[in-house]
Protein chains: 2
Amino acid sequence: MIIDMNKDYSRTIPTAWRDISAIFAALGDEHRQRILLSFEPGERLNVGQIAEVSTLARSTVSHHLKVLREAGVLISEREGKEIYFRVNKTFLETSFGRVTSYLAAYL
Amino acid sequence: MIIDMNKDYSRTIPTAWRDISAIFAALGDEHRQRILLSFEPGERLNVGQIAEVSTLARSTVSHHLKVLREAGVLISEREGKEIYFRVNKTFLETSFGRVTSYLAAYL
DNA sequence: TGTTCATGTCGATAATCATCGACATGTTCG
DNA sequence: CGAACATGTCGATGATTATCGACATGAACA
């Protein structure tokens with residue numbers, strides 16, 4: 001049974017890292033961290049609310065929210081005129097869990 | 001007793017996120033991910049060995065290793081002419097652990 | 001000491017990303 | 001339908017980062 005061969009740099013990134021790499025990239029930015037951390041447990045915030053407490057222009061916040069959503073960190077759902085964001089806690093937990101397991105087993 | 005006030009964007013990033021934000025930034029890059037993943041458990045690699053399996057110039061690899069070292073992901077130790085890198089597994093485990101705990105408690 | 005080898009650093013250029021205001025889209029409601 | 005509002009998108013500009021080759025540093029060893 002073949003396990004991941006290390007040493008060959010061009011091999012595919014292991015499954016455990018697929019999701020997490022987008023998360024890393026998304027959360028490598030401080031503005032996006034602050035956006036994530038501005039959520040309270042179970043809370044939903046719309047773009048206006050997030051932009052309001054931010055120091056950035058609304059369109060810039062919108063951009064960061066897109067990055068966070070595409071990485072799976074946040075989930076968006078339209079509600080009338082507004083679009084509410086919430087933390088994808090389950091996804092984050094399983095992703096970090098997978099990475100922690102991979103770390104323990106293979107690094 | 002005051003806990004972290006959310007909603008105020010300019011507040012300081014919580015302690016659990018201090019270390020991890022540099023890790024996120026460091027591991028947001030695919031080249032740096034591949035470097036990390038090229039280590040086998042307990043293995044130590046020198047710059048030449050890492051550069052050899054990489055597609056990048058040696059000086060570029062050196063740059064990425066610096067980023068990884070400054071983020072605490074890798075530890076370097078000189079041994080004669082060579083400088084060996086190894087994964088800072090303990091640091092990564094505790095950092096990911098803290099984030100997982102914070103995630104469970106506050107998001 | 002001087003040569004060789006491994007690595008770090010520097011400076012220039014290229015590539016990527018962040019930021020903004022203006023405009024487009026889509027929703028509500030009169 | 002048309003006005004008002006919330007959000008997304010676009011294009012331009014500025015800022016940050018990646019990348020490389022050339023050179024500097026530091027260790028081993030004849």
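In what follows, chains carry the letters A, B, and so on, assigned in the order in which the sequence lines appear, proteins first and then strands, with residues in each chain numbered from 1.
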> Assuming nearest nucleotide by heavy-atom distance, tell me which of A:Glu82 and A:Ser59 is located more 5' along DNA chain D.
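Looking at the nearest nucleotide for each, A:Glu82 comes out on the 5' side.
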> So does B:Arg34 pair up with B:Glu30, basic N to acidic O under 4.0 Å?
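Judged by the 4.0 Å cut-off on N to carboxylate O distance, B:Arg34 and B:Glu30 do form a salt bridge.
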> Using the ring of each side chain (for Trp, its six-membered ring), is A:Trp17 parallel, tilted or perpendicular to A:Tyr102, with breaks at 30° and 60°?
perpendicular
> When you get a sec, tell me which of C:dT27, C:dT7, D:dA18 is the closest nucleotide to the side chain of B:Asn46?
C:dT7
> With the threshold set at 4.0 Å, does a side-chain nitrogen-carboxylate oxygen contact exist between A:Glu77 and A:Arg44?
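A:Arg44 and A:Glu77: salt-bridged.
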> Measure from CD on A:Glu79 to P on D:dA6 and round the result to the nearest Å.
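The distance from CD of A:Glu79 to P of D:dA6 comes to 14 Å, rounded to the nearest Å.
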> In whole angstroms, how far is the P atom of C:dC23 from the NE2 atom of A:His63?
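One finds 22 Å between P of C:dC23 and NE2 of A:His63, rounded.
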> If only side-chain N and O atoms of B:Ser62 are considered, is one of them under 4.0 Å from the OP1 or OP2 phosphate oxygen of C:dT7?
no
> With heavy-atom distances below 4.5 Å as the criterion, would you say the side chains of B:Phe96 and A:Thr100 are in contact?
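Side-chain contact under 4.5 Å: yes.
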> Are any non-hydrogen side-chain atoms of B:Val47 and B:Glu82 less than 4.5 angstrom apart?
no
> Would you indicate which nucleotide in C:dC5, C:dG26, C:dG8 comes nearest to any side-chain atom of A:Lys81?
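So the side chain of A:Lys81 is nearest to C:dG26.
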> Indicate whether OP1 or OP2 belonging to C:dA18 is found under 4.0 Å from a side-chain N or O atom of A:Arg32.
yes
> Using the side-chain heavy atoms of A:Thr60, tell me which of these nucleotides is nearest: C:dC20, D:dG21, C:dT27.
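For A:Thr60, the side-chain atoms sit closest to C:dC20.
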> Nearest-Å distance, CD (A:Glu77) to C1' (D:dA6)?
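For the pair A:Glu77 CD and D:dA6 C1', the rounded distance is 16 Å.
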> Counting the atoms with a prime plus P, OP1 and OP2 as sugar-phosphate, which does B:Arg78 contact under 4.0 Å by heavy atoms, base, sugar-phosphate, or nothing?
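Sugar-phosphate contact only.
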> Send over the distance from A:His31 NE2 to C:dC17 C1', rounded to a whole Å.
12 Å
> Quick check on D:dT19: is either OP1 or OP2 less than 4.0 Å from any side-chain nitrogen or oxygen of B:His64?
yes
> Side chain of B:Arg58, base of D:dG21: donor and acceptor closer than 3.5 Å?
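A donor-acceptor contact between them is absent.
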> Measure the distance from CD1 on A:Ile83 to C1' on D:dT9 and round it to the nearest whole Å.
13 Å
